[in-house]
Amino acid sequence: FFLMIRRPPRSTQSRSSAASDVYKRQDMQIEKRELQSVLIVDDNSFNAKQVDYLLAKLYPCVTRTIKFSGKAGLQYVEQILGNVSLVLMDCQMPIMDGFETTKAILNQYNDIVVIGLTADKTKDTREKCYQCGMKSVLYKPFTQEELQLSLIHI
């Protein structure tokens, strides 16, 4: 599966005007990103199913798997030998949180992209996400468009 986004061609518009146009959905540029399988790790089943629903609307052909703990997510990645394109990881989970799980996954499979999911918008949490190797952070609740934009920019 390839994600393709369209951007407008360069023009003689001022930079500020052209920059604001980039974020309009219909004006996005073509950019390819292979997305074959996604692992969703969240201890809250409602949140996990909501993320799954948004992904299914955006990428109906992508394989999606849900695990309800950091430990189960890590075991799944090890079981499939790291054959996952993207992990959407809840940061705050009991026993093995998303930060610890991300470090463990990336120690074995450093080519996997992990995006953190959290309701905590503090600078400390954001820094912890990047320090453990997450490529981006999505703040709950998020929209389908926010999810799509975060996937485009990874």
Side-chain angles (χ1 to χ4, degrees), residues 1-7 22-154:
F1 180 81
F2 289 94
L3 169 65
M4 299 181 82
I5 308 297
R6 296 180 186 206
R7 279 193 200 160
V22 171
Y23 293 101
K24 291 181 183 173
R25 183 181 234 173
Q26 66 272 17
D27 292 337
M28 297 225 175
Q29 170 134 18
I30 295 175
E31 181 177 310
K32 288 186 178 180
R33 172 163 303 285
E34 189 172 347
L35 192 61
Q36 297 173 349
S37 62
V38 178
L39 172 62
I40 301 163
V41 183
D42 198 318
D43 61 318
N44 182 306
S45 63
F46 177 81
N47 288 344
K49 289 175 184 174
Q50 191 70 14
V51 172
D52 183 55
Y53 173 76
L54 293 175
L55 278 170
K57 285 176 66 177
L58 288 170
Y59 311 108
C61 297
V62 171
T63 304
R64 299 170 316 280
T65 304
I66 298 174
K67 296 297 175 182
F68 296 105
S69 72
K71 185 175 181 179
L74 176 60
Q75 289 172 340
Y76 176 77
V77 171
E78 291 172 339
Q79 178 185 0
I80 63 167
L81 304 173
N83 191 18
V84 64
S85 308
L86 172 70
V87 178
L88 295 170
M89 179 77 66
D90 182 28
C91 295
Q92 307 299 329
M93 293 182 286
I95 303 170
M96 187 175 200
D97 66 23
F99 308 115
E100 184 181 350
T101 307
T102 298
K103 285 180 189 176
I105 289 171
L106 295 178
N107 278 338
Q108 296 177 52
Y109 308 100
N110 62 2
D111 59 334
I112 295 175
V113 174
V114 181
I115 295 178
L117 307 177
T118 183
D120 183 0
K121 296 183 179 184
T122 63
K123 183 179 178 183
D124 183 49
T125 298
R126 184 175 61 247
E127 287 175 359
K128 283 175 73 175
C129 289
Y130 292 119
Q131 286 172 355
C132 74
M134 294 177 182
K135 300 292 184 201
S136 182
V137 182
L138 270 172
Y139 297 104
K140 299 177 191 176
F142 52 86
T143 65
Q144 181 177 335
E145 188 171 66
E146 289 170 326
L147 175 60
Q148 187 174 23
L149 283 173
S150 75
L151 297 177
I152 292 167
H153 294 293
I154 55 172

Residue pair Gln92, Phe99: steps toward the side-chain contact (heavy atoms from CB on, under 4.5 Å) verdict: CA-CA 8 Å; Gln92 307 299 329; Phe99 308 115; 3.8 Å; yes

For Val38, run the side chain to side chain contact (heavy atoms under 4.5 Å, CB included) check against Val62, Leu151, Val84, Val51 and tell me which one passes. Val62

Please round to the nearest 0.5 Å and tell me the distance separating atom CG of Leu138 and atom OG1 of Thr143. 8.5 Å

So CE of Met89 and CE of Met134: to nearest 0.5 Å the spacing works out to 6.0 Å

Just wondering, do Leu74 and Ile105 contact through their side chains at under 4.5 Å, heavy atoms? yes

Smallest heavy-atom separation, Cys129 atom then Val137 atom, equals CB-CG2, 3.5 Å

Enter the distance from Arg64:CZ to Asp52:CG here, rounded to the nearest 0.5 Å. 4.5 Å

Ile112 and Val77, any side-chain heavy atoms less than 4.5 Å apart: yes

Testing the 3.5 Å rule here: is there a donor-acceptor pair between the side chains of Thr118 and Asp120? no

Between Val113 and Lys135, the two heavy atoms sitting closest are CG1-CG, 3.8 Å

What distance separates Tyr76 OH from Thr65 OG1, expressed to the nearest 0.5 Å? 3.0 Å

Decide yes or no on salt bridge (Lys or Arg N to Asp or Glu O under 4.0 Å) for Asp97 and Lys128, but give the supporting numbers first. CA-CA 12 Å; Asp97 66 23; Lys128 283 175 73 175; 5.3 Å; no

Please test Ser69 against Ile95 for side-chain contact (heavy atoms from CB on, under 4.5 Å), starting from the C-alpha separation and ending with a verdict. CA-CA 8 Å; Ser69 72; Ile95 303 170; over 6 Å; no

Quick one: pull up CG in Leu147 and CD in Gln144 and give me the separation to the nearest 0.5 Å. 7.5 Å

Tell me, do Ile40 and Leu55 make a side-chain contact under 4.5 Å, heavy atoms counted? yes

Taking Thr125 for its side chain and Lys121 for its backbone only, find out whether a donor-acceptor pair lies under 3.5 Å. no

Could you point out which residue of Met93, Met96, Lys67 forms a side chain to side chain contact (heavy atoms under 4.5 Å, CB included) with Asp43? Met93

Checking Phe142 against Leu54 for the side-chain contact (heavy atoms from CB on, under 4.5 Å) test, could you report, in this order, the C-alpha distance in whole Å, the side-chain angles of both residues, the deciding distance, and whether it holds? CA-CA 10 Å; Phe142 52 86; Leu54 293 175; 3.9 Å; yes

Minimal non-hydrogen separation, Cys91 against Gly116, with atom names: SG-CA, 4.2 Å

Has the side chain of Asn107 got a donor or acceptor atom that lies under 3.5 Å from a matching backbone atom of Lys103? yes

If you take all heavy atoms of Asp42 and Ala48, which pair is closest and at what distance? CB-CB, 4.0 Å

When you measure from the side chain of Ser37 to the backbone N and O of Thr63, does any donor-acceptor pair fall under 3.5 Å? no

Looking at CG of Leu81 and OH of Tyr109, how far apart are the two atoms once the value is rounded to the nearest 0.5 Å? 5.0 Å

Has Tyr53 got more than 12 heavy atoms of other residues, nucleotides or ligands less than 6.0 Å from its OH? no

Within 6.0 Å of NZ in Lys140, more than 12 heavy atoms from elsewhere: yes

Nearest heavy-atom neighbours spanning Leu106 and Cys132: CD1-O, 3.8 Å

Heavy-atom pair with the smallest gap, counting every atom of Ser150 and Ile115: OG-CD1, 4.0 Å

